[in-house]
Amino acid sequence: MSEVRVRFAPSPTGFFHIGSARTALFNWLYARHTGGRFILRIEDTDKERNTEEALRVLIDGMRWLGLDWDEGPEVGGDYGPYFQSERQKIYDEYLQRLVGAGRTYEKDGAIWFQLEGERYTEYDDYKKAEIEKVRAAPVVIDDAVRGRVERAEERDFVLVRADGSPVFHFVNVVDDIAMGITHVIRGEDHLSNTSKHVELFRALEVEPPIFAHIPLILKESGPGKMSKRDAGALIDNYEERGFLPAAVRNYIALLGWNPKDDREKLDIDEIIDLFDFPGINKGNARFDERKLSALNAEYLRELNLESFAFLVRPRLHLAGLVAEDVDEDYLQAVLRLCQPKARSLDDLAELCDYFFSDTYTMDAKQGEKLEKKGDPKALLGEILPLLEALDSFDAGSLQSMLEAHAVVKEQKIFAYFPALRYAVSGRAGGPDLLPLLAVLGSDRVLARIQAFIA
RNA sequence: GUCCCGUUCGUCUAGCCAGGUCUAGGACACCGGGUUUUCAUCCCGGCAACAGGGGUUCGAAUCCCCUACGGGAUGCCA
């Protein structure tokens, strides 16, 4: 059998949304699974959009998700050009074949495709008009996901607009033929269009590819499929918010596909290995950002400290917390404490700002709570001189010092913890206190306690 | 309106093709408990579904039909 050739054929609209990304991913996975080729073809026939910038969004999004293409923009290939705007000659050629076969006619300045079959007119309730229909033989496809699907096309359709530009259905089929596409993996919204496409394949005397129509991603709440405007729909948004591409990729792979066992967190090689049409669901899937976040948090926790620091540094810099030349040892010491607490990269700056700045906010509510339980200033007043006298400011020394003091006061060591934490961080939760103090260092800790007591 | 596709916990899904092992499994979310100085993590437990009706069968989540509901298509958009 010849090599598998699949394609992702987006139109650069300036958005790269999660549904497109999932279609791209499924095509990519199938190519990688079968050892075939993944082709990126740009359907940029709409001249009005800023294709340069829009293309960037698409390409950046693909790269971010790690979906590399074997043929297409920036990499070339033997079946180019890979922009529809540059393939006019090819469309003309194929159009001539249809004209030669007597399957076209002109009407209102446009070129139409003529179906074969008995013609009749009928009132169409949707069009609210009397229109010509054709009793064409039903097209039967053996869809790799949905099985046998039969549908008859009943109206002629436009191939080339009055302004001379070819329409989607036509160029799509021509390009798939010219590029030797063997499998068309696309959203279910194209299932009804497939009868048009198969009619064209037949008229051009080409065996149609194998179709695999994948379920749609429905919006998180409300009716309908996900669109650009829905929350969480855009891929670049996840990049901005500090989601890990591996997590996003893993999550969208699970939207409409699953490995048939109970595993959900899978690395990409496993997904490639397991991915195939029988694992694809028929029913549409509803997007759930909480599940994505949970998966992302899981990936985040598994990162080694160096990688984690690498990802976090620019975000802290952006938040104005660290300089470009931040001390790497200090940064890593902080992150060693904060990484286990992080649920996303996005909230990390908030989580650990007090390590880098003295202008962190004091949580007033927690302050009140603390007051009710005891006198934090008095407690801190007791241990401040001891802290000042400490010659080694590490977790072990802090612990022995506090324990010794607690014994004298007939207290538990933990009696001092909440006040200490609040004074140095302004909040009630966070990393383990003693290591936190050690990393923060005696200068900062003492200054903050003094300020708190004053 | 017509045509096409679908329907298992709130959500993603396993099971369906090859009917019995399903008192329907896992995950997210939620709720409780444990661990922890705290928060997060982690561990334990709980909640919760075969859309409805008819068949076929000794037996149906699984096969067939109908209905309902959901989604899509019906553009000189892609």
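Just so it is clear: chains get the letters A, B, ... in the order the sequence lines come, proteins before strands, and each one is counted from 1.
The side chain of A:Lys260 contributes an N or O atom lying less than 4.0 Å from OP1 or OP2 of B:G15. Contact between the side-chain N/O atoms of A:Asn281 and the OP1/OP2 oxygens of B:A14 is found at a separation under 4.0 Å. Side-chain nitrogen and oxygen atoms of A:Arg146 include none within less than 4.0 Å of the OP1 or OP2 phosphate oxygen of B:C4. At the phosphate of B:G6, neither OP1 nor OP2 sits under 4.0 Å from any side-chain N or O atom of A:Asn284. In this structure, A:Arg343 reaches the B:U41 phosphate: one of its side-chain N or O atoms is under 4.0 Å from OP1 or OP2. A:Lys127 has a side-chain polar atom (N or O) that falls below the 4.0 Å cut-off from OP1 or OP2 of B:G75. Residue A:Arg161 places at least one side-chain N or O under 4.0 Å from the OP1 or OP2 atom of B:A78.
Side-chain proximity of A:Asp124 to B:A14, B:A40, B:G1: nearest is B:G1. Nearest nucleotide to the side chain of A:Asp432, out of B:G72, B:U37, B:G26: B:U37. Among the nucleotides B:C4, B:C39, B:A78, the one closest to any side-chain atom of A:Leu191 is B:C4. With B:C76, B:G1, B:U37 as the candidates, the nucleotide lying closest to the side chain of A:Arg421 is B:U37. Closest to the side chain of A:Pro340, out of B:U13, B:A40, B:G75, is B:A40. Of the candidates B:U37, B:C42, B:A78, the closest approach to any side-chain atom of A:His190 belongs to B:A78. Of the candidates B:C76, B:U74, B:U41, B:U74 carries the atom nearest the A:Asn193 side chain, counting heavy atoms from C-beta on. In this structure, the nucleotide among B:A78, B:C5, B:G26 sitting nearest to the side chain of A:Glu264 is B:G26. Proximity note for A:Arg155 (side chain, C-beta onward) versus B:G75, B:A14, B:C3: the nearest is B:G75. For A:Leu218, taking side-chain heavy atoms from C-beta onward, the closest of the listed nucleotides B:G71, B:U37, B:C28 is B:G71.
For the pair A:Glu302 CD and B:U41 C1', the computed distance is 13 Å after rounding to whole Å. At whole-Å resolution of the value, CG in A:Leu436 and P in B:A40 are 17 Å apart. What separates CG of A:Leu295 from P of B:G26 is a distance of 19 Å, to the nearest Å. Remark: P of B:A78 and CD of A:Glu43 are 9 Å apart, rounded to the nearest angstrom. In this structure, the CD atom of A:Glu122 is 13 Å from the C1' atom of B:U74, given to the nearest Å.
Classification of A:Asp353 and A:Arg427 as a salt-bridged pair holds, one side-chain N sitting under 4.0 Å from a carboxylate O. Between A:Glu264 and A:Lys291 there is a salt bridge, since at least one side-chain N of the basic residue sits less than 4.0 Å from a carboxylate O of the acidic one. A salt bridge is absent between A:Glu153 and A:Arg155: the closest approach of a Lys/Arg side-chain nitrogen to an acidic carboxylate oxygen does not fall below 4.0 angstrom. Electrostatic pairing of A:Arg119 and A:Asp156 counts as a salt bridge here, judged by a charged N lying under 4.0 Å from a carboxylate O. Salt bridge annotation for A:Arg148-A:Asp143: absent, with no cationic side-chain nitrogen under 4.0 angstrom from a carboxylate oxygen.
Classified by interplanar angle (parallel below 30°, tilted 30° to 60°, perpendicular above 60°), the ring pair A:His213/A:Phe211 is parallel. Note on ring orientation: taking the six-membered ring where Trp is involved, the planes of A:Trp257 and A:Phe275 are tilted (angle from 30° to 60°).
Between A:Arg315 and A:Leu348 the shortest side-chain heavy-atom distance does not fall below 4.5 Å.
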Give each protein N/O atom lying under 3.5 Å from an N/O atom of nucleotides 9-11 of chain B, with the pair distance.
none

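Using a 4.0 Å heavy-atom criterion, one finds that A:Asp108 contacts the bases of the nucleic acid, with or without backbone contacts as well.
Across the strands present, B:U36 finds no partner; the criterion is a Watson-Crick or G-U wobble pair with both atom distances under 3.5 angstrom. With a 3.5 Å ceiling on both atom-pair distances, the Watson-Crick or G-U wobble partner of B:A51 is B:U67. Base-pair partner of B:G1: B:U74 (Watson-Crick or G-U wobble, both distances under 3.5 Å). Of all nucleotides present, none satisfies the Watson-Crick or G-U wobble test against B:U62 with each distance under 3.5 Å. With a cut-off of 3.5 Å on both Watson-Crick or G-U wobble distances, the partner of B:U41 is given as none.
At a cut-off of 3.5 angstrom, the base of B:G6 holds no donor-acceptor pair with the side chain of A:Glu188. Side-chain atoms of A:Lys282 stay outside donor-acceptor range of the base of B:C5, with no qualifying N/O pair under 3.5 Å.
A cation-pi arrangement is absent between A:Arg249 and A:Tyr251, since the terminal nitrogen or guanidinium carbon is not both under 6.0 Å from the aromatic centre and inside a 45° cone about the axis.
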